[in-house]
Amino acid sequence: MKVIPTINEIKTLVRAAREEGKTVGLVPTMGALHEGHASLIRRSVAENDITVVSVFVNPTQFNDKNDLTNYPRTLEADCALIESIGGTYVFAPTVEEVYPEPDTRSFSYPPIDTVMEGACRPGHFNGVCQIVSKLFMMVEPDRAYFGEKDFQQIAVIRAMMKDQRFNFELVPCPIVREASGLALSSRNTLLADNEREIAVNISRTLIGSQAYALSHSVNETTEWVVNTLNAIDGLDVEYYEIVDAITLQKVTSWDEAEHIQGCITVFCGEKPIRLIDNINYK
């Protein structure tokens, strides 16, 4: 495995691989890797001849400067993990390398990017599209791998790919959870032990809501999830929305869409740490 700091070098290496007829998988990450990321990398390694893992904390997708500053950075440990599971290249550029000048491109895909995370974090998805489109142009993969914990992000990236005419496969991969049920997240490392125990209630409540929903309406289920979590000291629900899994628009009945997803963001602890999760209803 090799760590690549420049765009020219990663392009050269990928081009050489393609000339040999090799397929290329890309796993975009912001580092602080965990088993969820590892599952994406393993899948890419299994399905492609070479796997490029990008490790880059992208400043343009943070609308909170403190969140950007505090985001965990563990490049040495990340590289060790990537090497241990067969990644070929770690693309770890500097901010100056990726953004030699401000990226003024604007991406807008309403209504997919204007609800939930889009409403709560203005500019977030524009920054996501900026960096992901750059990575796509740099690496030109055959397949790109993203975790379903960021359910809305996948929908936005799909829209961006269609808009920008990226002609390769986006591979969504299932959420990986701790034994407790807590969805794996780089932000979990920022939780104190007692806060982690509190955070487990997020997944427990979502899983419990699947059974609750069998005999209750969408509105009743939404209220039950929000009230259950807000009643726990140390948790504060920013939003919980039950939506059409394709359009990401709220549904009012369980018969309204073929596939329905519940998407949540909860603040946990004293700092607090912002955690996201989602659950499938049908």
Side-chain angles (χ1 to χ4, degrees), residues 29-30 32-43 67 70-72 115-121 124 145-155 172-245 248 250-251 254 257 259-282:
T29 84
M30 291 206 299
L33 303 186
H34 50 65
E35 183 56 34
H37 297 107
S39 70
L40 308 183
I41 299 166
R42 290 191 188 97
R43 183 160 177 183
D67 194 18
N70 294 330
Y71 198 87
V115 297
M116 297 188 293
E117 291 295 283
C120 294
R121 302 177 68 187
H124 169 67
Y145 298 80
F146 294 87
E148 289 183 334
K149 183 173 71 67
D150 296 296
F151 191 84
Q152 186 176 7
Q153 176 177 275
I154 290 177
C173 300
I175 297 173
V176 177
R177 299 182 182 276
E178 297 180 359
S180 66
L182 180 64
L184 290 179
S185 170
S186 299
R187 297 177 192 272
N188 290 356
T189 62
L190 302 175
L191 296 170
D193 289 343
N194 67 309
E195 293 171 338
R196 183 181 289 267
E197 292 176 6
I198 295 169
V200 168
N201 288 286
I202 300 170
S203 59
R204 285 179 182 166
T205 302
L206 290 183
I207 293 168
S209 75
Q210 290 176 312
Y212 186 90
L214 295 175
S215 57
H216 293 82
S217 69
V218 169
N219 186 56
E220 289 169 334
T221 303
T222 300
E223 290 183 353
W224 183 82
V225 169
V226 173
N227 292 339
T228 299
L229 290 172
N230 281 343
I232 298 170
D233 188 31
L235 294 181
D236 181 19
V237 176
E238 182 175 24
Y239 68 79
Y240 182 59
E241 296 189 12
I242 297 177
V243 301
D244 182 315
L248 302 189
K250 287 183 182 180
V251 297
W254 299 115
H259 300 289
I260 293 178
Q261 205 80 7
C263 299
I264 198 163
T265 293
V266 182
F267 289 103
C268 178
E270 296 181 5
K271 294 183 181 179
I273 306 303
R274 191 175 187 272
L275 303 174
I276 66 172
D277 203 343
N278 62 82
I279 198 83
N280 180 256
Y281 288 106
K282 60 180 287 193

Trace of the side-chain contact (heavy atoms from CB on, under 4.5 Å) decision for Thr221 with Ile242: CA-CA 9 Å; Thr221 303; Ile242 297 177; 4.0 Å; yes
Flag, side chain of Asp277 to backbone of Cys263, donor-acceptor distance under 3.5 Å: no
Glu195/Lys271 salt bridge by N-O under 4.0 Å criterion: no
Side-chain heavy atoms of Leu184 within contact of Arg177, under 4.5 Å: no
Heavy-atom side-chain proximity of His37 to Ser186 below 4.5 angstrom: yes
Rounded distance [0.5 Å steps], CD in Gln261 versus CE in Met116: 9.0 Å
pair Pro172-Phe151: side-chain heavy atoms closer than 4.5 Å: no
Which atom of Cys268 lies closest to which atom of Leu191, heavy atoms considered: SG-CD2, 4.0 Å
Ile175 and Asn278, any side-chain heavy atoms less than 4.5 Å apart: yes
Heavy-atom donor-acceptor pair, Asn188 side chain to Ala183 backbone, under 3.5 Å: yes
Steps toward side-chain contact (heavy atoms from CB on, under 4.5 Å) verdict (Ile264, Leu275): CA-CA 8 Å; Ile264 198 163; Leu275 303 174; over 6 Å; no
Smallest separation among heavy atoms of Leu235 and Ala199, with atom names: CD2-CA, 4.5 Å
Arg274: side chain to side chain contact (heavy atoms under 4.5 Å, CB included) partners, not counting sequence neighbours: Glu117, Cys120, Arg121, Glu238, Tyr239, Thr265, Phe267, Ile276
Backbone of Tyr212 reached by a side-chain donor or acceptor of Ser209 within 3.5 Å: no
Value rounded to 0.5 Å, distance of CD1 in Ile279 from CD1 in Ile202: 12.0 Å
Reported CG-to-CD1 distance for the pair Asp193 and Ile198, which is rounded to 0.5 angstrom: 11.0 Å
Rounded distance [0.5 Å steps], CD in Gln210 versus OH in Tyr281: 7.0 Å
Spatial distance of atom OG (Ser217) from atom CD (Glu220) [nearest 0.5 Å]: 3.5 Å
Side-chain touch Arg187/Asp67, heavy atoms, less than 4.5 angstrom: yes
Which donor-acceptor pairs under 3.5 Å do side chains of residues 225-233 form with protein atoms, sequence neighbours excluded?
| residue | atom | partner | partner atom | Å |
| --- | --- | --- | --- | --- |
| Asn227 | ND2 | Glu223 | O | 3.1 |
| Thr228 | OG1 | Trp224 | O | 2.6 |
| Asn230 | OD1 | Val237 | N | 2.9 |

Check: Thr222 and Glu241 side chains under 4.5 Å, non-hydrogen atoms: no
Donor-acceptor contact below 3.5 Å, side chain Glu197 vs main chain Asn194: no
Separation of Leu40 CG from Thr29 OG1 (nearest 0.5 Å): 9.0 Å
For Ala155 against Leu248, the heavy-atom pair lying closest together: CB-CD1, 3.8 Å
Heavy-atom side-chain proximity of Val115 to Gln152 below 4.5 angstrom: yes
Heavy-atom side-chain proximity of Cys173 to Glu148 below 4.5 angstrom: no
Derivation and outcome, side-chain contact (heavy atoms from CB on, under 4.5 Å), residues Lys250 and Val218: CA-CA 10 Å; Lys250 287 183 182 180; Val218 169; over 6 Å; no
Which atom of Gly262 lies closest to which atom of Tyr240, heavy atoms considered: CA-OH, 3.5 Å
